[in-house]
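The structure under discussion appears below in the form of structure tokens.
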Amino acid sequence: MKELADQICSDYRGTEPILIGVLNGVVFFIADLARQMTIPTKMDFVRAASYGSGMTSSGTVRLTKDVEIPIRGKPVILVEDIVDTGLTLAHIVEILERKGPESIRICAFIDKLERREITVPVDYCGFQIEEGFIVGYGLDHDEKYRHLPDIYILR
Ligand code: IMP
């Protein structure tokens with residue numbers, strides 16, 4: 001976490017990026033990340049309609065909470081728990097780009113590679129995995145297991 005935060009801080013030195021977390025799964029990660037950062041940041045959140053009770057994406061993504069901090073002309077770092085097909089992030093980036101930020105980069109706790117359907121540039125990531133369904137540390141399955149302090153593979 002410290003290395004990730006240091007990398008972001010060195011890239012954004014002299015600026016005040018807005019961290020935009022994608023609720024709900026991101027809460028533990030963004031809290032840990034932001035606390036390790038040594039440059040000033042602002043924080044806001046968006047929420048996209050989630051997977052529901054299944055283990056695969058429906059392919060439809062809907063924003064149910066938008067950002068409230070003005071992001072026009074500002075550097076934005078979109079912070080996500082896990083990138084799977086990439087559809088959620090691609091959709092959110094498109095919506096945020098319409099608001100005219102100076103830049104948008106993506107920071108994901110986990111970059112899950114196997115099922116990627118759309119290319120999304122994950123600029124910063126905690127770690128990469130090929131496959132598997134991960135729970136804990138904010139990540140859920142049907143709203144369960146979010147509270148677990150560590151991450152687990154659901155079988
Ligand atoms: P994508 O649109 O397929 O990239 O899906 C991204 C979202 O799906 C994430 O923000 C999670 O909410 C959910 N998701 C994808 N894979 C997992 C997983 O392994 N565990 C928990 N949630 C996941």
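Position 1 is the first residue of the sequence; numbering continues from there.
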Interatomic distance, CG@L19 vs NZ@K42, rounded to 0.5 Å, equals 11.5 Å
Only one of T88, D111, L113 passes side-chain contact (heavy atoms from CB on, under 4.5 Å) with V83; say which it is.
D111
V46 reachable from I71 in the ILVMFWY side-chain graph, under 4.5 Å edges:
yes
Heavy-atom side-chain proximity of K74 to I69 below 4.5 angstrom:
no
Closest non-hydrogen contact found for V122 with C125 is CG1-CB, 3.7 Å
Rounded to the nearest 0.5 Å, what's the gap from CG on L89 to CD on E80? Could you check?
4.5 Å
Output yes when K65 and D44 qualify as a salt bridge under the 4.0 Å nitrogen-oxygen rule, no when they do not.
yes
For the CZ atom of R146 and the CG atom of L139, what is their distance to the nearest 0.5 Å?
8.0 Å
Scanning both residues in full, the closest heavy-atom pair of A48 with I92 reads CB-CD1, 4.2 Å
Rounded to the nearest 0.5 Å, the CD1 atom of I104 sits from the CD1 atom of I18 at a distance of 10.5 Å
Quickly, which of F127, Y145, Y152, F28 forms a ring pair (Phe, Tyr, Trp, His ring centres under 6.0 Å) with Y137? Name it, please.
F28
Look up atom CD in Q7 and atom CG in D123, then write down how far apart they are to the nearest 0.5 Å.
10.5 Å
Under the side chain to side chain contact (heavy atoms under 4.5 Å, CB included) criterion, do D81 and F29 qualify, and how do the steps go?
CA-CA 7 Å; D81 51 3; F29 176 53; 5.8 Å; no
Pairwise side-chain contact, E117 with L87, heavy-atom cut-off 4.5 Å (strictly under):
yes
Does one side chain, of D32 or Q36, offer a donor that lies under 3.5 Å from an acceptor on the other?
no
Consider only side-chain heavy atoms of I, L, V, M, F, W and Y, link residues closer than 4.5 Å, and tell whether I106 and I95 are in one cluster.
yes
Compare every heavy atom of V79 with every heavy atom of L33, then report the nearest pair and how far apart it is.
CD2-CG1, 4.3 Å
Same cluster or not: are I110 and L154 linked, directly or through other Ile, Leu, Val, Met, Phe, Trp or Tyr residues, by side-chain heavy atoms under 4.5 angstrom apart?
no
Can you confirm whether R13 sits close enough to T38 that some side-chain heavy atom of one is under 4.5 Å from a side-chain heavy atom of the other?
yes
Between R98 and R72, the two heavy atoms sitting closest are O-NH2, 4.3 Å
Mind checking the CE-CD1 spacing from M37 to I77? Nearest 0.5 Å is all I need.
5.0 Å
Do the ring planes of Y12 and Y124 sit parallel (below 30°), tilted (30 to 60°) or perpendicular (above 60°)?
tilted
Could you tell me which non-hydrogen atom of G136 sits nearest to which non-hydrogen atom of I151, and how far apart they are?
O-CG2, 3.9 Å
Beyond-backbone contact of K99 with V76, side-chain heavy atoms, under 4.5 angstrom:
no
Check step by step if side chain to side chain contact (heavy atoms under 4.5 Å, CB included) holds for I153 and I134.
CA-CA 5 Å; I153 297 173; I134 311 296; 3.9 Å; yes
For the residue pair K112 and D84, what are the closest heavy atoms and their distance?
CE-OD1, 3.3 Å
Any chain of hydrophobic side-chain contacts (each under 4.5 Å) joining I39 to I20?
no
Do L148 and F133 sit in one hydrophobic cluster, given that two such residues count as connected whenever their side-chain heavy atoms are within less than 4.5 Å of each other, even indirectly?
yes
